[in-house]
Novice: 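Pasting in a structure now, in structure tokens, and then I'll have a few things to ask.
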Amino acid sequence: MRFLVNVRVNLTTMLEFGQKLKQGELDRSCIRGETYCIKNDPAVGYSIWEAESRQEFDEKFSPWKKYYEETDIREVIDPNESMRLLMEQTQE
């Protein structure tokens, strides 16, 4: 399963967050690629996470939550799966 993770960094915990990242104390094994931030609002970041199940994702993401003010997590699919679903919809 893949998840689009949209977060807003909590500025009061940002220094601790940066230290945890720098020291490799947060598990990044589910993150695919880089996290990208909004230029005009750099506290907002987007990344793709991948896990075998929602439960596994929640377990991996849990330690990160304390560093965010807001989170929005949505399951996403690849373009081929999207095309297949769209084609099915047009045939109904």
Side-chain angles (χ1 to χ4, degrees):
M1 299 176 81
R2 291 184 191 102
F3 303 92
L4 174 62
V5 177
N6 171 11
V7 298
R8 175 175 293 281
V9 171
N10 181 338
L11 298 179
T12 61
T13 61
M14 189 172 69
L15 290 177
E16 178 185 346
F17 183 41
Q19 286 298 320
K20 296 283 186 184
L21 286 170
K22 185 177 179 180
Q23 296 168 357
E25 295 181 26
L26 292 170
D27 185 352
R28 297 178 48 84
S29 64
C30 287
I31 300 174
R32 299 298 170 243
E34 296 294 323
T35 297
Y36 291 91
C37 299
I38 304 298
K39 183 176 181 177
N40 294 331
D41 193 358
V44 175
Y46 292 86
S47 57
I48 300 291
W49 289 54
E50 189 171 354
E52 289 296 319
S53 66
R54 179 62 193 236
Q55 180 180 350
E56 179 188 6
F57 168 81
D58 289 339
E59 289 169 5
K60 299 279 186 166
F61 187 70
S62 182
W64 294 72
K65 286 183 180 181
K66 72 183 266 185
Y67 303 109
Y68 301 134
E69 287 182 5
E70 301 170 17
T71 60
D72 179 34
I73 300 161
R74 298 177 191 208
E75 187 175 353
V76 294
I77 56 177
D78 64 39
N80 290 332
E81 180 69 8
S82 177
M83 183 61 78
R84 185 185 66 74
L85 291 172
L86 291 169
M87 294 302 286
E88 286 177 5
Q89 288 177 9
T90 62
Q91 295 174 4
E92 291 177 356

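Heads up: numbering here begins at 1 and tracks the sequence.
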Novice: What closest approach, in Å, do Leu11 and Glu69 show between heavy atoms, and which atom pair accounts for it?
Specialist: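 Taking every non-hydrogen atom into account, N-OE2, 4.1 Å.
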Novice: Does Phe3 have any ring-ring contact (aromatic ring centres under 6.0 Å, His included) partners at least two apart in sequence or in another chain, and if so, which?
Specialist: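 Expected list: Phe57.
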Novice: Does Leu26 have any side-chain contact (heavy atoms from CB on, under 4.5 Å) partners at least two apart in sequence or in another chain, and if so, which?
Specialist: Phe17, Lys20, Leu21, Pro63, Trp64, Tyr67
Novice: Is it the case that one hydrophobic cluster holds both Val7 and Val76, taking links as side-chain heavy atoms less than 4.5 Å apart, direct or via other members?
Specialist: no
Novice: The criterion is side chain to side chain donor-acceptor pair (under 3.5 Å); which residues satisfy it with Gln55, sequence neighbours excluded?
Specialist: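 Counting only residues at least two positions away or on another chain, Gln55 forms a side chain to side chain donor-acceptor pair (under 3.5 Å) with Glu59.
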Novice: Can you confirm whether more than 12 heavy atoms, excluding those of Leu86, are under 6.0 Å from its CG atom?
Specialist: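 More than 12 heavy atoms, drawn from other residues, nucleotides or ligands, come within 6.0 Å of this atom.
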Novice: Dump the intermediate steps for side chain to side chain contact (heavy atoms under 4.5 Å, CB included) on Asp72 and Arg74, then the final yes or no.
Specialist: CA-CA 7 Å; Asp72 179 34; Arg74 298 177 191 208; 3.0 Å; yes
Novice: Under a 4.5 Å cut-off applied to non-hydrogen side-chain atoms, are Val5 and Thr71 in contact?
Specialist: no
Novice: Does Glu88 have more than 12 heavy atoms from other residues, nucleotides or ligands lying within 6.0 Å of its CD?
Specialist: yes
Novice: Quick check: closest heavy atoms across Arg54 and Ile73, and the distance to 0.1 Å?
Specialist: NH1-CG2, 3.9 Å
Novice: For the atom pair CZ (Arg8) and CG (Asn10), what is the distance rounded to the nearest 0.5 Å?
Specialist: 11.0 Å
Novice: Going from CD on Glu75 to CG on Leu4, what distance comes out if it is rounded to the nearest 0.5 angstrom?
Specialist: 11.5 Å
Novice: For Glu16, does its backbone N or O pair with a side-chain atom of Thr13 as donor and acceptor, under 3.5 Å?
Specialist: no
Novice: Counting distance only, does the side-chain N/O of Arg28 pair as donor-acceptor with the main-chain N or O of Glu25 below 3.5 Å?
Specialist: no
Novice: Any chance you could measure Met14, atom CE, to Gln19, atom CD, to the nearest 0.5 Å?
Specialist: 11.5 Å
Novice: Nearest 0.5 Å, please: how far is CG in Leu85 from OG1 in Thr90?
Specialist: 11.0 Å
Novice: Around atom CE of Met83, are there more than 12 heavy atoms of other residues, nucleotides or ligands at under 6.0 Å?
Specialist: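 Incorrect, the count does not exceed 12.
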Novice: Can you see which heavy atom on Ser29 is nearest to which on Lys60, and at what distance?
Specialist: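 Taking Ser29 first and Lys60 second, the nearest heavy atoms are OG-NZ, 3.4 Å.
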Novice: Distance check, rounded to the nearest 0.5 Å: Asp78 atom CG versus Ile48 atom CD1?
Specialist: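 Rounded to the nearest 0.5 Å, the CG-CD1 separation comes out at 11.0 Å.
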Novice: Taking all non-hydrogen atoms of both residues, which atom of Thr35 and which atom of Ser47 are closest, and how far apart?
Specialist: OG1-CB, 3.4 Å
Novice: Counting only heavy atoms from other residues, nucleotides and ligands, does the tally under 6.0 Å from CD of Glu52 exceed 12?
Specialist: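 Open: at most 12 neighbouring heavy atoms sit under 6.0 Å from CD of Glu52.
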Novice: Would Ile31 and Trp49 satisfy side chain to side chain contact (heavy atoms under 4.5 Å, CB included), going step by step from the backbone distance to the final call?
Specialist: CA-CA 4 Å; Ile31 300 174; Trp49 289 54; 3.4 Å; yes
